[in-house]
Undergrad: 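Sharing a structure, written as structure tokens. Questions coming.
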Amino acid sequence: MLPQDFFYWADGELNEFGRQCANEIDERAVHTDRDGQPRLIRYDKMGNEASQVWLNEGYKKTVEETYNTGIVGYLHKEIPALGYKGNYVYSFAQGYLLSHAEPGFYCPVTLTMATAHLIDHYASESLKEKFLPHVLSTGEVELFEGATFLTERQGGSDVGANEVKAVKENDYYRITGEKYFASNSGACGVAMVLARLDGAPEGTKGLSLFLVPWEENRAEGALRIRRLKDKLGVRAVPSAEIEFEGATGYLVGEENKGFFYMIEALNLSRVSNAVASLGIMRRAYLEAKKYAQDREAFGNKLTNYPMVQATLSEMVAKQEIETNAVFEVIRLMDNVMGVEKKGESSKKQQILFRLYIAIMKKETAEQAIRFAHDSIEMHGGNGYIEDFVTPRLLRDAQVLTVWEGTANILGLEVLRLIGKYSADELFVEAMRERLSAVQGQTEKGSWVRRIDSEVVELKERIDEIKNLSSDLQTYHSNNIAKQIADIFESVIAIETSVKGDERQKAITEVYLQSVWKKDEIELSPVVLKKFGMIVES
């Protein structure tokens, strides 16, 4: 929950930012995707290597307007109107609105959030003084967007195979090597780069973190852009292959702890990934709903047909429950990673936070693709035409299953948390406590008992899997992650219905039915009974 003064201030700010996202930011996003994609300027007019990236003026206007709202800055500095810092709930609410219109640009915002976190928590005071005000700029000084460069050609998700080198020289380091998928290249002011010092251990334990100023290194020819990636979607963000040729970098934190620091930033990025997915889901639903309400076929509005009603009912129920689930994780994030509270959270909170991030990043990314697909299908042939937003939603959604960890990587993360920290036991304990707390407060007592039995069955299944070989454990990891996500969302759905109005109770009923009894033949399907209340009200 937000303090009352924060809530009223944020409500006005979010309304205005939402208006911008629905209008000018959305219009600029269409232009960037179709006609204004980033372009690499390899040489200047005199034939000298430039390695600059051209960005269209509309995109740059969106950059200015978005950062000036404090989407990054107010996580780390006071909000002038309030006299204290913001939090992740407010920042991610802004990101949710932005992702309705321009999920591609939300990637650079996320990278800047990660950069700010790393500098604020781990950089020296001199580095903070020099760079942090620019990364946190809300218009008072020049903005330095951020970037985090991990991926190398030979490594990919295997970051421990990274080879980029760092050699100490005076009070800085020289960075040499190639980063293969470096997003926000040419647009960032600073990049956070993982590199290996001479004599460092192999694997992730030998990686250190460096702050690399972009423009001064580019101007000196110490870094160059080989090419921009020709991506399927999120075309707003320039992603590149970068060669460092003795670039100046500054050590952040301790030697050989860079991967540990980056994992914190990765957790932040995974939450952003989930928020972007939610924004795409909501936009896909709204586009499908509007089209179905306006379109006639065979003498009726599309919304008069049961199959259409079922699709829209299930979409809105899933999206709203999943949004509640993700923002619960974000509230927990403020305790675990918040600037003012970092280190004060319990070990249990930290483990559950990591578990929830893994399952919700995976689930939301997969659902964003499904929602975009369903919206295209609702539009019929029009949904496949670039005049409509639906093709871009699908193209932009597809990368969200890849960025910040694929489903397989996230499944392995769930296994690690279970094996190393008994996350399964903590999860089961937390869910059963919450179900017990609402047992007598809801008319959905049968659903409480059903979900409680699913929790027990999940624990039994995990105990069986623990006795299998490591290969078979990984084989089952994705299914386990999915089951944990379904239970987590179901508990939140039941809790929300206790405090909610009749529409919220209907949302919960449709959600639970669609997850746990989808294959049952209903004489009076709940998705049809509740359609008017949850879709058209």
Side-chain angles (χ1 to χ4, degrees), residues 21-23 25-35 37 96-97 99-104 231-236 276-323 363-401 506-507 510-511 513-515 518-519 521-522 525-537:
C21 290
N23 292 283
I25 289 177
D26 188 53
E27 292 169 6
R28 296 174 197 147
V30 174
H31 172 70
T32 297
D33 180 71
R34 298 293 298 278
D35 303 305
Q37 297 176 35
Y96 175 64
L97 294 173
S99 296
H100 282 62
E102 182 53 292
K231 303 191 301 293
L232 172 67
V234 288
R235 294 171 175 172
S277 297
L278 291 173
I280 289 177
M281 290 167 66
R282 187 67 179 181
R283 180 71 182 274
Y285 162 70
L286 292 173
E287 295 291 335
K289 173 185 172 182
K290 181 67 167 60
Y291 193 84
Q293 288 173 331
D294 292 345
R295 182 74 166 177
E296 288 191 8
F298 308 106
N300 277 295
K301 296 285 188 185
L302 293 186
T303 47
N304 289 336
Y305 293 104
M307 288 181 289
V308 170
Q309 292 179 0
T311 296
L312 293 174
S313 292
E314 289 185 2
M315 287 177 80
V316 69
K318 175 66 173 176
Q319 198 277 336
E320 291 191 16
I321 295 299
E322 202 145 90
T323 299
E363 179 68 12
T364 54
E366 292 171 354
Q367 290 299 323
I369 294 172
R370 183 177 77 82
F371 270 57
H373 162 269
D374 286 350
S375 190
I376 287 174
E377 191 165 288
M378 188 69 72
H379 285 72
N382 281 335
Y384 203 65
I385 305 301
E386 294 282 356
D387 291 342
F388 293 80
V389 73
T390 42
R392 176 161 63 91
L393 293 178
L394 183 59
R395 287 189 279 104
D396 286 355
Q398 186 62 64
V399 78
L400 296 172
T401 62
I507 287 282
V510 169
Y511 173 83
Q513 186 75 26
S514 67
V515 173
K518 189 172 182 64
D519 295 330
I521 297 177
E522 299 177 81
V526 66
V527 291
L528 304 185
K529 283 196 305 180
K530 305 298 183 182
F531 171 76
M533 180 180 294
I534 68 176
V535 175
E536 296 198 318
S537 61

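Just so we're clear, the structure is a prediction, and the values are computed from it rather than from any experiment.
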Undergrad: Could you report the tightest heavy-atom contact between Ala101 and Pro103, atom names first, then the distance?
TA: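 Looking at all heavy atoms of both residues, the closest pair is C-CD, 3.7 Å.
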Undergrad: How far apart are the C-alpha atoms of Asp26 and Arg283, what are their side-chain angles, what is the distance that settles it, and do they pass the salt bridge (charged side-chain N to carboxylate O under 4.0 Å, His left out) test?
TA: CA-CA 11 Å; Asp26 188 53; Arg283 180 71 182 274; 3.1 Å; yes
Undergrad: Measuring from atom CG of Leu232 to atom CG of Asp396, what distance do you get when rounded to the nearest 0.5 angstrom?
TA: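 The CG atom of Asp396 is 8.5 Å from CG of Leu232, to the nearest 0.5 Å.
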Undergrad: Begin with the C-alpha distance, continue with both residues' side-chain angles, and end with the deciding distance and a verdict on side chain to side chain contact (heavy atoms under 4.5 Å, CB included) for Arg370 and Gln367.
TA: CA-CA 5 Å; Arg370 183 177 77 82; Gln367 290 299 323; 2.9 Å; yes
Undergrad: Could you walk me through whether His100 and Cys21 satisfy the side chain to side chain contact (heavy atoms under 4.5 Å, CB included) test, starting with their C-alpha distance in whole Å, then the side-chain angles of each, then the deciding distance to 0.1 Å, before giving a yes or no?
TA: CA-CA 7 Å; His100 282 62; Cys21 290; 5.7 Å; no
Undergrad: Atom CD1 in Ile534, atom OG in Ser313: separation rounded to 0.5 Å?
TA: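 Separation between the atoms: 4.0 Å.
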Undergrad: Considering all heavy atoms of both residues, which atom of Ala297 and which atom of Tyr305 are nearest to each other, and what is their separation?
TA: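 Minimum heavy-atom separation between Ala297 and Tyr305: O-OH, 2.6 Å.
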Undergrad: OG of Ser375 to NZ of Lys289: how many Å apart, nearest 0.5 Å?
TA: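 Going from the OG atom of Ser375 to the NZ atom of Lys289 covers 13.0 Å.
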Undergrad: Once rounded to the nearest 0.5 Å, what's the spacing between atom OG1 of Thr32 and atom CZ of Arg235?
TA: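 Reported value, rounded in 0.5 Å steps: 11.5 Å.
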Undergrad: Would you compute the distance between atom CD of Glu102 and atom CG of Asp33 and round it to the nearest 0.5 angstrom?
TA: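 Answer for the CD-CG pair, Glu102 versus Asp33, is 8.0 Å.
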Undergrad: If you take all heavy atoms of Thr323 and Tyr96, which pair is closest and at what distance?
TA: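 The pair with the smallest heavy-atom distance is OG1-OH, 4.3 Å.
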Undergrad: Answer yes when Arg282 and Glu320 have at least one side-chain N-carboxylate O distance shorter than 4.0 Å, and no when they do not.
TA: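 Yes.
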Undergrad: For Arg392, run the side-chain contact (heavy atoms from CB on, under 4.5 Å) check against Leu394, Thr390, Val389 and tell me which one passes.
TA: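 Per the side-chain contact (heavy atoms from CB on, under 4.5 Å) rule, the option paired with Arg392 is Val389, out of Leu394, Thr390, Val389.
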Undergrad: Would you mind telling me which of Glu366, Gln319, Glu287 makes a side-chain contact (heavy atoms from CB on, under 4.5 Å) with Phe371?
TA: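 Exactly one option meets the side-chain contact (heavy atoms from CB on, under 4.5 Å) with Phe371, and it is Gln319.
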Undergrad: Run the numbers on Glu386 and Arg395 for side chain to side chain contact (heavy atoms under 4.5 Å, CB included), then give the verdict.
TA: CA-CA 11 Å; Glu386 294 282 356; Arg395 287 189 279 104; 3.2 Å; yes
Undergrad: Do you know which two heavy atoms are closest between Ala236 and Gly104, and how far apart they sit?
TA: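 Looking at all heavy atoms of both residues, the closest pair is CB-C, 4.2 Å.
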Undergrad: Could you pull out the closest heavy-atom pair between Ala292 and Val308, with the gap in Å?
TA: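 Closest approach of Ala292 to Val308, heavy atoms only: CB-CG1, 4.0 Å.
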Undergrad: Working to the nearest 0.5 angstrom, can you tell me the gap between Glu536 CD and Gln309 CD?
TA: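 Rounded to the nearest 0.5 Å, the CD-CD separation comes to 7.5 Å.
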Undergrad: Is there side-chain contact between Gln513 and Val527, with at least one heavy-atom pair below 4.5 Å?
TA: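 Gln513 does not reach Val527 side chain to side chain.
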Undergrad: For the residue pair Tyr285 and Val535, what are the closest heavy atoms and their distance?
TA: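 Smallest interatomic distance, heavy atoms only, reads OH-CG1, 3.7 Å.
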Undergrad: Is the number of heavy atoms from other residues, nucleotides or ligands under 6.0 Å of Lys301 NZ greater than 12?
TA: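 Counting other residues, nucleotides and ligands, NZ of Lys301 exceeds 12 neighbours.
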